[in-house]
**Q** 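I am attaching a structure below and will ask some questions about it afterwards.
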Amino acid sequence: MKDSRRGFLTSCSAAAVASGFIPYVFSQPRTLADETQSKNDRVALGLIGSGSIANANIGAAKEWIDVVAIADVDAGRAAEFNAKHAGGKADVYDDYRRILERKDIDVIHVATPDHWHTKPVVEAMLAGKDIYCEKPLTLTIDEGKLIRRVQKETGRVVQVGTQQRSTFNLFVKAMAMVAEGRLGRINKVQAAIGPAPSSPAIPVAAVPQGLDWNRWLGPAPSVDYRFFQGPAVKDKDGKDKLPQANTNCHYEFRWWYEYSGGKLTDWGAHHVDMAAWALALNGQPLAPLSVGGMAKHPVEFKDGMPVEKDRYNTATEFLFTVEFPGGTQMVIRHDTDNGVLIEGDKGRIFVSRGKLSGEPVDALKDNPLPEDAIAKVYKNLPMEHNERKGHWANFLHCAKTRKEPISDVHTHMEALNICHLAGISARLGRTVKWDAAAQQVVGDEQANAMLARPYRKGFEIEMG
Ligand SMILES: NC(=O)c1ccc[n+]([C@@H]2O[C@H](COP(=O)([O-])OP(=O)(O)OC[C@H]3O[C@@H](n4cnc5c(N)ncnc54)[C@H](O)[C@@H]3O)[C@@H](O)[C@H]2O)c1
């Protein structure tokens, strides 16, 4: 985002100063609300992918942004989003590259399925845009290498949508406790990730009107569209309710390794990120030595590839141990508690989206954290909003000030690489040893071949 553009995000407004109002929780000098207070200061945003999470994200950031352009390969979804979030006034495209060409748009939100993240993110950086991209940032480890290189070369501000990094009352507070030594030396972290579904065989179906299936697939292999929805069933109030549809497209793409890493990256991007942040705050280099354990898939895998092609294929159950130098361990397991357990030699805490608990938390009553402890782990960036809204505020503030956002691509990839290695180990059914300096699996060519995926012809990344 260029500072000169329509005075966007100007410094603290005279009115706010005159009123003596100091709105930040930790008394930071100004708020994003001040910075975007004039109508002309609002951010013109280009949206790529107008599905379920885009609705939540744009809803959270609407105080500061106007969606002026929408790209979606499903015309019906784009039209619905336009009516709901832009009063029907946004320009709608089927090809996101039309948005990247526009000189009046500096800020992009990428909310496409995972296999469609890296290409638009790299091309948007090269086009001079700042980007808020949904997690997981990439489908592969090599895509992460590319994004990190291009980010360094272009200096663009890129926030990954791991909003737990901006959840101050739970996750960031837990990190502050780690940083303040309330747990002692951290020797084990556990990321518990909720259960994942399987499906029956899903029949090939007609592509719905308005959906460009070829472009939805994009860089992924060309396959048939699949869809099945059972008949309506009565809910507890006796009303007819349609069950969740099974498909290889909208939302359900998560359960196909072709487009996602399943729960390991879907929620791993959140909870492994928290576990990794705790280790990093404790001085642990995020350079795993090995990742191994067990995974159950709903289909048979041969040479790392699913044998059956007509149903969900990502792991439904898993238990992985990640070994780090010095004997530190990270455990990644599917479990219903869906949160992060951080264990140190002075105590342990559990943190999730609903609670922060453990003896060291109880002890805060008598020995509270220093006033600036949370601000310090949040890199002293403004904190006037929590969770998703706070994550957007962080992105927009950093785009204005050219600071690194709280979920930058470099720290995100250090955590996500662990999830990707677990995915490779799951698909191959064996432990992978990792050389973090070389970014290579040690002595396993089959695993190394899974660090990247070929892009389908016509959907390669355009490097300019
Ligand atoms: N941060 C969070 O808590 C959170 C929560 C849910 C989803 N997500 C992430 O958000 C992303 C999207 O998930 P979702 O549940 O909204 O999926 P979705 O299927 O509901 O929406 C994705 C949209 O992208 C569109 N699309 C696909 N290819 C496109 C292309 N080339 N150009 C433009 N549009 C394209 C689809 O047509 C669809 O409308 C995923 O990566 C997911 O992991 C994050």
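Note that ligands are numbered from 1 as they come in the structure, with each ligand's atoms numbered from 1 the same way. Only heavy atoms go into these numbers, but all of them, side chains included; no hydrogens, no water, no symmetry mates. When a residue number appears, it is its place in the shown sequence, counting from 1. Worth saying up front: this structure is predicted, and the values here are computed from it rather than measured.
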**Q** Would you say Gln190 and Gln329 make side-chain contact, with heavy atoms under 4.5 Å?
**A** no
**Q** When you measure from atom 25 (C) of ligand 1 to each heavy atom in Ile48, Asp72, Thr247, which option holds the nearest one?
**A** Asp72
**Q** Does Arg254 reach ligand 1, in the sense of a heavy atom lying below 4.0 Å from it?
**A** yes
**Q** Run the numbers for me: atoms of ligand 1, each under 4.0 Å from some heavy atom of Ala71, listed by number.
**A** 33 (C), 34 (N)
**Q** When only distance counts, is Asp114 in polar contact with ligand 1, meaning an N/O pair under 3.5 Å?
**A** yes
**Q** I'd like to check which ligand 1 atoms, numbered from 1 as shown, lie under 4.0 Å from a non-hydrogen atom of Asp266.
**A**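 Answer for ligand 1: 43 (O).
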**Q** Taking only heavy atoms of His270, which atoms of ligand 1 are found under 4.0 Å from at least one of them?
**A**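 Once the distances to His270 are compared, the set is 1 (N), 2 (C), 3 (O).
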**Q** Under a heavy-atom criterion of less than 4.0 Å, does Ala111 contact ligand 1?
**A**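 Contact check Ala111 vs ligand 1: positive.
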**Q** Please state which protein non-hydrogen atom is closest to atom 16 (O) of ligand 1 and give its distance, to 0.1 Å?
**A** Ile53 N, 2.9 Å
**Q** Considering both backbone and side-chain atoms of Lys135, is one of its nitrogen or oxygen atoms within less than 3.5 Å of a nitrogen or oxygen in ligand 1?
**A** yes
**Q** Using a 4.0 Å cut-off to any heavy atom of Tyr251, which atoms of ligand 1 qualify?
**A**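 Result: 15 (O), 18 (P), 19 (O).
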**Q** Determine whether a donor-acceptor pair (N or O, by modelled atom type, separation under 3.5 Å) exists between the side chain of Lys309 and the backbone of Pro306.
**A**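 Checked: pair present.
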**Q** For ligand 1, which atoms sit closer than 4.0 Å to a heavy atom of Arg77?
**A** 18 (P), 19 (O), 20 (O), 21 (O), 38 (C), 39 (O)
**Q** Atoms of ligand 1 less than 4.0 Å from Gly49 heavy atoms?
**A** 24 (O), 25 (C), 33 (C), 34 (N)
**Q** Out of all atoms in ligand 1, which are within 4.0 Å of some heavy atom of Gln163? Include the element for each.
**A**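 The list of qualifying atoms is 1 (N), 2 (C), 3 (O).
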**Q** Is there a nitrogen or oxygen of Gly161 sitting under 3.5 Å from a nitrogen or oxygen of ligand 1?
**A** yes
